[in-house]
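One structure is given here, and the rest of the page talks about it.
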2 protein chains.
Amino acid sequence: MKPVNLKQLAEELGLSIATVSRALQDSHEVSAATKERVRALAAELHYEPNAYASSLRRNQSKTIGVVIPKVTNHFFALAINGIEEAARQSGYHVLIYLTHDDYEREVAIIQHLKGGRVDGILLSVASGTEDITHLESLREAGIPLVFFDRVRAEIATAKVTTNDYESGRLATAHLLAVGCQRIAHLLISNTLSIGQNRHQGYLDALAAQGHAPDPDLVLPGTTDNARNVQLIEELLRRRPDIDGIFASVERLAVGAYHACHRLGRRIPEDVKVVGFSNLESVSLFDPPLTTITQPAHDIGREAARILLRAVEKKRPVLPTQSVVLASELVPRRSTAVAVSSPL
Amino acid sequence: MKPVNLKQLAEELGLSIATVSRALQDSHEVSAATKERVRALAAELHYEPNAYASSLRRNQSKTIGVVIPKVTNHFFALAINGIEEAARQSGYHVLIYLTHDDYEREVAIIQHLKGGRVDGILLSVASGTEDITHLESLREAGIPLVFFDRVRAEIATAKVTTNDYESGRLATAHLLAVGCQRIAHLLISNTLSIGQNRHQGYLDALAAQGHAPDPDLVLPGTTDNARNVQLIEELLRRRPDIDGIFASVERLAVGAYHACHRLGRRIPEDVKVVGFSNLESVSLFDPPLTTITQPAHDIGREAARILLRAVEKKRPVLPTQSVVLASELVPRRSTAVAVSSPL
DNA sequence: CCGGATTCTGAAAACGTTTACGTAAATAAA
DNA sequence: TTTATTTACGTAAACGTTTTCAGAATCCGG
C-alpha cells in the first residue's frame, strides 16, 4: 500500500540511505557494482522518488505554471501543446490555471503560486487586468515569469509574441486591396497591448491609403460571445456602408460570421472578412475564412524554452530574450474579389 | 528574496512555530487574540505556506493529474474547463499531461505519477493503448483513478462517459431517416470501447432497418490527419455508392468534409454527413454540420467531482459511481433532405 | 612501511510543515 | 482547600529526500 522509499531500499540492500540516494542519481562517488544492485532493486520494487520531499529539499519543483484566460480558445490549446512539449523534454511538469479573463482570479492564482509550487510561470494576461502589482511582486518572490501573446510591456521580462502591429496592418491592407472602403475593426479589450498594436496597424494601413480613421467603426468586444454577436449586428445595421471586417481575435471573427448570416449579408460579396484564427476548420467555413494565423505551437514552445533556460541556470529572465514570431496571412474566399459568376 | 516561513513569523511574534501554524489553520487550541496577531503579520509579510513541505508532511498534494491524448481536440479543451472549475472550487490544482495517443508516453506518465505528485488521476485512454497493467498498478499504489470518455471497462473504477451506443444508433438512424442507403462509419482506433460502442449502435441501427452490415464501409482512422483524408478519399472513390457518412470522432468529420470537397461530392445532395463534434463553429461550416455533441464540460466536471470526493474522504473510487451523460443530436444542413430548389 | 591521495560509504543535518504529546496556568467541580 | 478539566502554548518528532562532512578502506609512489 505505502509506496516504497529510500529507507526500505537501504535496509533491503544493507546500505545507508545516503548511498542509495546517490546511486539513483548516478553519482560518481558510488561504485558501479552497488549502483547496479541499487538500480535493480529499485526497478523491481517500482520505486518512485517522492516528488515533494525532493522538491522541499532541493528547493525546486520541476514544475512550471501556465496561466491563461481560457483553454477553449484554440490558440491557447495549441500553445499548451508547445509548452508541454518543451517541458517534457526538460523533465518538467505543467500546472494549468485558467483566469477566464477575470482580474481577481489572476491575482489569486499568482498570489498562490508565490508559495513556491512552481519554479516559473508562463502567463497570458487576462483581458480584465489593469493593475499589475501582483505581477511585479513575482520579481521579489524570485519566481521567473515569461509572457506570451498577451503581454504587459511595463514588466521587465521576456515576452513571446507575434508581429501584431504588422499583422493588423497586413490584414487591413489586404481588405483595402480587395476593394473595401469602410473597414470595421473588432478588437479585444483595449487594455491589452496586442489589441493596441493590431489596432495601430489597422489605423496606419488606412492612413497609408488616405482613409481617415472612423472611431464609430471600432468595436471592442466583451467576454460574452452572444453579446458580441448582438453588438456586431447593431454595428452592421447602424453602418450599412461597412464592406470589410477585420476581427483581431478568433471569437469575434466567428461572431462576425454569425452576425452576417443572420442579417443576410453575403460574404464576400457584401462584406469581406479577415480574422485572427488558429482553427484548422476555417477552411470548411461558408465561405472559407481568410485568416491571420499565429504560430501558436511555436509561441508556446519558445516561451517555455526561455523560461526553462532561466530556471535551470537560476538566472533572471531578461527582456532582451523576447522573441517576436511572424503570423501568416492566409487568403481564402471570405476576401475573394468578385469573379465572373461561373454559372 | 527568500520567502518568509513560519519560523520568521514565530520569531517576530515571540511565539513558537507550532502556535503560528495552528493559528493560520484556525485551530481551536489557540486564542482569538493571538490568531489575530498572527494573521495580521502573515498578511503584512505576504506569507504563503510552502506547498511542498505541507504536502510532504500531510501526505497529500492538493493536486490532481489530468492525462489526455491531446488538448487541441475541442472536446478535451472543454473537459479541462470543467475539471479546472471543480478543482478550483475544492482548492485543488491541476497538472496536465498529454499522451498524444501514444502508449509509451501514457505508461511513462502514469509511472511517474505514482511518485505521489498527485492525489488522484483523471484519465482518457490513449488510442494506442492495449495493455493496461500500468493502470492496474495505480490501485496498489493507492492512487484513485477516474476515467472519462475513453475508458477501459476492465479497470474497476468510476467512469464518466456519454451514451455512446445510443449516440451511434441515433446518428445512423438519422442518416437512414433522411434517405441514406449506404452509410460509412469512420471510427477511432478499435481498441477503445467508445469506438466499439458507437460502432455497435451503428450496426444495430442498420439491422433495425434490414440493412446488412458491410465491413468495407467501416474505416478505422489513424492518428495522422492528412492520412485520414487520403483514406476517406480512397473509400469514397472505391465505393461511389456511399451516400451517408457517420464520423464518430471530430477529426474524422472534418476529414470527411475535406475529402468530399476535394472529390467534388456535394453535401448533403450526394453525401450526407453526421459527426461527433464539440466545435461551436460547425454551424458556420459549408454546409453546417449535423453533430452529435457531447456535454464535454459536464463530463470533465463530473469526473473531477467524483475523483475529488474520493480523495477527500480517502475512500476508493467505486465503479458504481460511474455516470453516463446524454449526448445530443443537432441536425443541421449536412443531413438535410432535398428541398424544392429555391432558385 | 609511511604519508598522501583516491574511492567508497555512513551519520546526521537540513528543507518547512504538521501534529502527538507534554505542561503550565486558569477555571471548574468536589 | 484539593482535585479534575479546560485552555493556550511549547517541544520535538516526523514526512522522504539531498548533501555536507567525516571516516574507513584501498592504492601508490617513495
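Everything quoted here is computed from the prediction, not taken from an experiment. Lettering of chains follows the sequences in order, A, B, ..., and the numbering in each one begins at 1.
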Inset, instruction - Calculate the interatomic distance between B/Q60 atom CD and C/dT19 atom P; express it in whole Å. - result: 9 Å

Inset, instruction - Mind calculating the distance between CD1 (A/I17) and P (D/dC15) to the nearest angstrom? - result: 10 Å

Legend entry - SB check B/R150 B/D101 (cutoff 4.0 Å): yes

Legend entry - Salt bridge flag under 4.0 Å for residues A/D119 and A/K62: no

Inset, instruction - Establish, with yes or no, whether the OP1 or OP2 oxygen of C/dT17 is under 4.0 angstrom from a side-chain nitrogen or oxygen of B/S21. - result: no

Inset, instruction - Report yes if at least one side-chain N or O of A/R57 is closer than 4.0 Å to OP1 or OP2 of C/dA14; otherwise report no. - result: no

Inset, instruction - Look at the side chain of A/L6 and decide which nucleotide, out of C/dT9, D/dT17, D/dG10, has an atom nearest to it. - result: D/dT17

Legend entry - Sugar-phosphate, base or nothing in reach of A/N59, heavy atoms under 4.0 Å: nothing

Inset, instruction - Let me know the distance between CG of B/L56 and C1' of D/dT17, rounded to the nearest Å. - result: 8 Å

Inset, instruction - Using only side-chain N and O atoms of B/T34, determine if any of them is under 4.0 Å from OP1 or OP2 of D/dC9. - result: yes

Inset, instruction - Go through C/dT17, C/dT9, D/dG10 for me and flag the one nearest to the A/T19 side chain. - result: C/dT9

Legend entry - Out of C/dT18, D/dG10, C/dA11, whichever nucleotide has its closest atom nearest the side chain of B/Q25: C/dT18

Legend entry - Phosphate contact (C/dT9 OP1 or OP2) by A/S31 side-chain N/O below 4.0 Å: yes

Inset, instruction - Indicate yes or no: at least one non-hydrogen side-chain atom of B/V94 is less than 4.5 angstrom from one of B/T63. - result: no

Inset, instruction - Would you please say whether a donor-acceptor pair under 3.5 Å links the side chains of A/Y97 and A/H112? - result: no

